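Written below as structure tokens is the structure these notes are about.
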There are 2 protein chains.
Amino acid sequence: MKYVTIIDIAKALNISKSSVSKAFNNRSDIKSDTRELILRTAKEMGYSPNPFAKRLMNQCSFQIGLVVPEFINAFFHEVMIGIQEVMFEKGYQILIMNSNESSEKELENVKTLTSNMVDGIILSMASQENVAYYSSLIDKGFPIVFFNRIPTKQINTSKVLFDDYKWAFFATEHLIYQSFKKIFHFAGPSSMAISKQRKLGFIDALKKHKISVDEKSIIETGLLISDGQREMEKLINSGNLPEAIFAVNDPAAIGAMKILKKHGYKIPEDVALVGFTESKLAELIDPPLTSVAQPTNEIGRTAAKLLLEQIESKGIFVPQTVILNGQLNVRESSIKLNEK
Amino acid sequence: MKYVTIIDIAKALNISKSSVSKAFNNRSDIKSDTRELILRTAKEMGYSPNPFAKRLMNQCSFQIGLVVPEFINAFFHEVMIGIQEVMFEKGYQILIMNSNESSEKELENVKTLTSNMVDGIILSMASQENVAYYSSLIDKGFPIVFFNRIPTKQINTSKVLFDDYKWAFFATEHLIYQSFKKIFHFAGPSSMAISKQRKLGFIDALKKHKISVDEKSIIETGLLISDGQREMEKLINSGNLPEAIFAVNDPAAIGAMKILKKHGYKIPEDVALVGFTESKLAELIDPPLTSVAQPTNEIGRTAAKLLLEQIESKGIFVPQTVILNGQLNVRESSIKLNEK
DNA sequence: ACCGGTTTCGAAACCGGTTTCGATAAAATA
DNA sequence: TATTTTATCGAAACCGGTTTCGAAACCGGT
């Protein structure tokens with residue numbers, strides 16, 4: 001592939017390359033006749049500017065990085081689409097990297113991105129491991145926006161998050177209003193902030209309604225279907241079945257559901273279920289799973305806009321924290337039936 | 001963000017920037033002592049090479065484009081991961097674009113990518129619309145690899161594909177071996193090659209086993225859950241229920257399943273179901289759905305390797321067509337029970 | 001005809017690297 | 001010791017753009 005350059009155009013018209021450049025940048029010191037002539041011949045010759053030369057000059061790559069901890073669930077894909085929508089409109093490209101729940105890989109990804117001179121990074125962290133490093137980047141003026149899995153410590157940049165506590169509280173209250181008494185929680189890894197918040201919401205909802213919180217009612221599960229399956233299997237063997245379970249996320253709830261059904265238990269008659277972070281599966285499985293829906297697309301769009309603000313306001317910007325609202329999609333899996 | 005350049009290093013050591021460059025490129029005309037000194041101070045100063053300057057020089061971007069027609073199903077995400085695995089190892093970045101089933105958007109995406117000087121493109125087409133343009137690009141020496149939705153006409157480049165005909169044939173035969181007689185097919189859009197192939201496989205399997213192919217038994221559905229739902233609803237209303245349905249893909253099969261269950265039909269007792277293109281949902285729904293699994297990760301890896309071959313063999317390469325093998329995951333949804 | 005101001009253009013420097021080539025010094029050879 | 005060879009380095013050109021600045025051309029007004 002031979003690309004046409006401004007020098008080719010200049011030679012063809014017997015003018016200087018400065019003039020060609022000016023024609024494309026709408027500079028004032030070029031006659032409109034010649035500008036149009038240049039643009040026309042450029043089009044005829046099939047010219048398109050060399051992006052690397054441009055980036056080398058104006059020290060701005062028009063690329064941003066996106067680092068996510070996993071690609072398994074649809075959540076991050078959907079966020080990504082939101083980011084793309086905003087960024088492509090502004091002419092930015094997105095380099096997507098997966099840290100695969102590893103903070104070392106995450107650090108490596110971020111370093112690859114910065115050495116590729118992206119103009120900013122949108123980041124959802126695998127763990128709190130690298131916060132100090134990210135903080136130093138931010139202090140140097142490098143734009144970073146966090147979402148979903150954000151630093152627990154104070155950090156001087158914009159964040160997009162979901163009120164996990166509040167929606168876990170609502171989800172639990174929903175079960176309470178259905179007049180379930182014995183409610184368990186399948187919690188996520190205690191190291192993750194979102195797990196903590198959701199657990200806290202669960203506990204506080206029970207407290208508010210004067211239901212005693214047994215420590216045995218909170219089981220640390222994990223985030224995968226297999227985690228939900230394993231713990232449900234254990235629970236059935238122990239013979240200590242609850243009336244309802246609020247799970248840290250949909251996969252955990254779905255894993256539990258599969259095992260319950262395998263053992264012949266009915267949902268929601270024998271055990272009611274509520275998930276978190278609406279997945280496609282939630283409304284497709286049988287019975288459809290009640291779940292908290294996060295506005296994934298909006299999370300992406302918001303993160304993108306906040307990053308653009310930081311990039312464009314070279315230096316002086318006010319870090320914002322946007323908390324987005326969710327929705328509890330009530331489905332069959334959690335509805336108390338009149339007759340047992 | 002102020003980046004350290006080779007000039008900064010040169011100044012710090014009071015040498016020329018040529019020498020610094022040579023040190024990094026392992027050129028022979030530099031003393032090993034000075035090379036090490038340079039590398040050491042470069043590290044101390046936090047130097048990393050400007051990627052745009054590099055790309056401007058060696059006329060190679062180390063970026064490739066990936067254009068897919070949709071982001072809804074996991075299929076393309078999984079292929080993407082396979083591509084990433086191979087490409088990142090070789091130091092390539094991937095620019096991902098979604099044409100959203102629109103050939104205009106697809107053309108726009110490809111043009112954006114080429115004007116960004118990607119070294120090659122991996123492409124799954126929304127339709128056959130732009131084949132002529134892609135052909136001209138390939139003739140100019142621009143590397144393109146097609147996968148999944150490939151040009152039907154002969155095209156002079158590498159392709160990765162799945163034998164849709166063969167596996168549709170197998171899937172249908174599986175239903176026949178279960179001794180279902182009245183078998184319907186939910187076909188995809190007739191404009192798509194994969195739909196055609198799968199339909200042909202269905203028809204030929206019936207023919208082989210001397211089952212007459214009624215034209216009413218093939219229903220053009222669409223690729224979404226809602227399509228499957230709509231057509232199943234119609235079918236139930238018409239009162240002409242088959243014993244088994246082979247669907248063009250999992251969403252169509254799942255849509256059909258939902259409606260059947262809603263109307264109180266049992267699966268597989270009343271109607272058996274088989275999907276295509278294994279999705280996560282297939283084994284999670286109730287009953288688990290029999291489906292043809294495509295080797296998504298391998299599709300991605302193979303496409304990436306073929307593209308690298310084209311890129312590295314500047315000009316003289318032999319276009320390859322790799323047909324990958326699948327697997328029929330037989331699950332409850334299609335198993336004939338002894339007792340009705 | 002002369003002057004001040006404006007318009008329009010091109011030469012040259014620059015961005016941060018790579019590469020060629022000539023100069024110098026050190027080592028090897030005659 | 002004289003000459004050739006080799007090792008090591010730096011100046012300068014180049015990649016394809018942008019930007020600055022000075023020069024030339026043109027304008028109307030006196």
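None of the values given here were measured: they were computed from a predicted structure. Per chain, numbering begins at 1; letters A, B, ... match sequence-line order.
For the pair B:Ile299/B:Asn148, no side-chain contact is recorded, criterion being any heavy-atom separation below 4.5 Å from C-beta on.
Summary of the strand contacts: B:Lys31 and A:Tyr3 both lie near DNA chain D, and taking for each the nucleotide with the nearest heavy atom, the more 5' one is attributed to B:Lys31. Summary of the strand contacts: A:Asp29 and A:Ile6 both lie near DNA chain D, and taking for each the nucleotide with the nearest heavy atom, the more 5' one is attributed to A:Ile6.
Using a 30° and 60° split on the angle between ring planes, A:Phe75 and A:Phe147 fall in the parallel class, below 30°. Ring pair B:Tyr47/B:Phe24 is tilted by interplanar angle, where 30° to 60° counts as tilted. Ring geometry for B:Tyr134 against B:Phe146 counts as tilted: the plane angle lies between 30° and 60°, on a 0 to 90° scale.
Across all strands shown, D:dG29 forms a Watson-Crick or G-U wobble pair with C:dC2, both key distances being under 3.5 Å. When both pairing distances are held under 3.5 Å, C:dT20 makes a Watson-Crick or G-U pair with D:dA11. Across every strand in view, C:dA26 sits in a pair with D:dT5 that passes the Watson-Crick or G-U test at under 3.5 angstrom.
Across all strands, B:Ile15 comes closer than 4.0 Å only to sugar-phosphate atoms, never to a base (heavy-atom distances). As judged by a 4.0 angstrom heavy-atom cut-off over every strand, A:Thr5 is placed among residues touching the sugar-phosphate backbone only.
Contacts between chain A and DNA chain D, taken as any atom within less than 4.0 angstrom of a protein heavy atom, begin and end at D:dG16 to D:dT20.
The closest donor-acceptor contact from the side chain of A:Gln84 to the backbone of A:Ile94 lies at 3.5 Å or more, if one exists at all.
In summary, A:Glu106 and A:Arg149 do not engage in a salt bridge, as defined by a charged side-chain N under 4.0 Å from a carboxylate O.
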Does the pair B:Arg35 and B:Asn26 meet the rule for a side chain to side chain contact (heavy atoms under 4.5 Å, CB included), with working shown?
CA-CA 8 Å; B:Arg35 176 176 45 240; B:Asn26 254 331; 3.6 Å; yes
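Listed by residue number, B:Leu56, B:Met57 are the residues of residues 35-58 of chain B with a heavy-atom contact under 4.0 Å to DNA chain D.
Under 3.5 Å, the side chains of A:Gln294 and A:Glu78 contain no donor-acceptor pair of N or O atoms.
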